[in-house]
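Down below is the structure, laid out as structure tokens.
Every chain is numbered from 1, with letters handed out A, B, ... down the list of sequences.
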There are 2 protein chains.
Amino acid sequence: MTDGPDARGDAFNPECPTRVVLDRIGDKWTALVIGALEGGSLRFNELRARVGGVAPKVLTQTLRAMERDGLLTRTVHAQVPPRVDYELTDLGASLTGPIGILTDWAETHVGGILASRAAYDEQADAR
Amino acid sequence: MTDGPDARGDAFNPECPTRVVLDRIGDKWTALVIGALEGGSLRFNELRARVGGVAPKVLTQTLRAMERDGLLTRTVHAQVPPRVDYELTDLGASLTGPIGILTDWAETHVGGILASRAAYDEQADAR
DNA sequence: CAGCATCCGATAAGATACTG
DNA sequence: CAGTATCTTATCGGATGCTG
């Protein structure tokens with residue numbers, strides 16, 4: 001290891017594994033893109049329609065970052081009009097497991113979280 | 001449900017369960033705080049030392065957000081000097097599972113991600 | 001079709017200093 | 001001890017318009 005004593009729990013170290021992953025899936029669109037591509041490859045505008053409400057610039061940024069991280073491949077077909085396919089790599093597909101677990105947790109517990117928020121905010125309002 | 005047709009895969013809907021959770025653990029310190037509190041309750045400055053490098057203002061923000069979401073409890077002891085204990089709730093503790101899975105995934109795959117980044121950046125540099 | 005360029009506003013995060 | 005107040009910077013996400 002060249003990472004020093006403990007790259008595991010270090011929010012500063014840009015190579016802390018958990019940080020790398022959290023920074024990627026914590027952004028607004030990555031998880032949605034992974035979900036959209038689970039069913040197979042899609043073209044840029046298909047992805048855009050599927051994800052819904054994302055500006056092209058932002059989708060491009062997201063896609064580039066994911067490509068850079070090896071989560072998906074970008075295939076440009078030499079045609080007119082252009083056709084670009086995005087597809088999950090094995091690495092990207094393997095992320096659907098952990099994300100699914102997070103989503104399951106979220107769906108079973110979000111009720112409690114929202115209730116807790118409401119209670120907390122009500123206390124604050126009362127003062 | 002009062003959430004409309006599909007709150008599940010909607011990055012806009014602030015009540016989309018996955019978004020709620022991702023927004024919380026995606027921030028820089030929440031995951032670290034949960035990790036720090038896994039071993040039991042800690043006081044503010046213990047937490048601060050354990051987490052490392054976090055400004056008091058930011059730690060307070062993180063803790064308040066987590067308290068609001070019901071992930072931890074904040075207990076003020078009426079003493080001089082003041083003593084405040086932070087402790088995971090059952091809800092907060094139950095998040096350690098999904099986070100652990102994500103961390104495991106991260107640790108086994110971060111090498112590939114970093115390698116992919118290096119390769120990608122090298123291509124970019126070559127041009 | 002698949003983007004790139006440009007500009008903008010909101011928010012996150014941090015540094016620093018002060019207080020009940 | 002456990003914060004709060006204030007200021008500054010960096011980044012994100014988005015709107016709009018243009019192009020190979």
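Under the 4.5 Å side-chain criterion, counting only non-hydrogen atoms from C-beta, B:R68 is in contact with A:D121. Between A:V84 and A:R74 the shortest side-chain heavy-atom distance falls below 4.5 Å. No side-chain heavy atom of A:V21 sits under 4.5 Å from any side-chain heavy atom of A:R24. A heavy-atom distance below 4.5 Å is not found between the side chains of B:L37 and B:E87.
Within the structure, a side-chain polar atom (N or O) of A:R43 is placed less than 4.0 Å from OP1 or OP2 of C:dA2.
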Report, one line per pair, each donor and acceptor closer than 3.5 Å where one atom sits in a side chain of residues 89-104 of chain A; sequence neighbours left out.
residue : atom : partner : partner atom : Å
A:T89   : OG1  : A:G70   : O            : 2.6
A:T89   : OG1  : A:L71   : O            : 3.1
A:T89   : OG1  : A:L91   : N            : 3.3
A:T89   : OG1  : A:G92   : N            : 3.0
A:S94   : OG   : A:L91   : O            : 2.7
A:S94   : OG   : B:W105  : NE1          : 3.0
A:T96   : OG1  : A:A93   : O            : 2.6
A:T103  : OG1  : A:I99   : O            : 2.9
A:T103  : OG1  : B:T18   : OG1          : 3.4

Hey, can you pull the donor-acceptor pairs under 3.5 Å for the side chains in residues 44-66 of chain A, sequence neighbours left out?
residue : atom : partner : partner atom : Å
A:E46   : OE1  : A:R43   : N            : 2.7
A:T60   : OG1  : A:P56   : O            : 2.9
A:T62   : OG1  : A:V58   : O            : 2.9

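Residue A:F12 contributes atom CZ, which lies 12 Å from atom C1' of C:dA15 at whole-angstrom precision. As a whole-Å value, the separation of A:Y86 OH from C:dG3 C1' is 8 Å.
Annotation: side-chain hydrogen bond (donor to acceptor under 3.5 Å, both in side chains) contacts involving residues 28-37 of chain A, sequence neighbours excluded, comprise A:D27-A:T30.
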Within the sub-3.5 Å range, which N or O atoms of nucleotides 4-11 of chain C have a protein N or O partner, and how far apart are they?
residue : atom : partner : partner atom : Å
C:dC4   : OP2  : A:R64   : NH2          : 2.7

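Terminal axes of the helix from C:dC1-D:dG20 to C:dG20-D:dC1 (five pairs each, C1' rotation axis) are separated by 60°, to the nearest 10°.
With a cutoff of under 4.0 Å to any heavy atom of chain A, the contacted region of DNA chain D is bounded 5' to 3' by D:dG13 to D:dG20.
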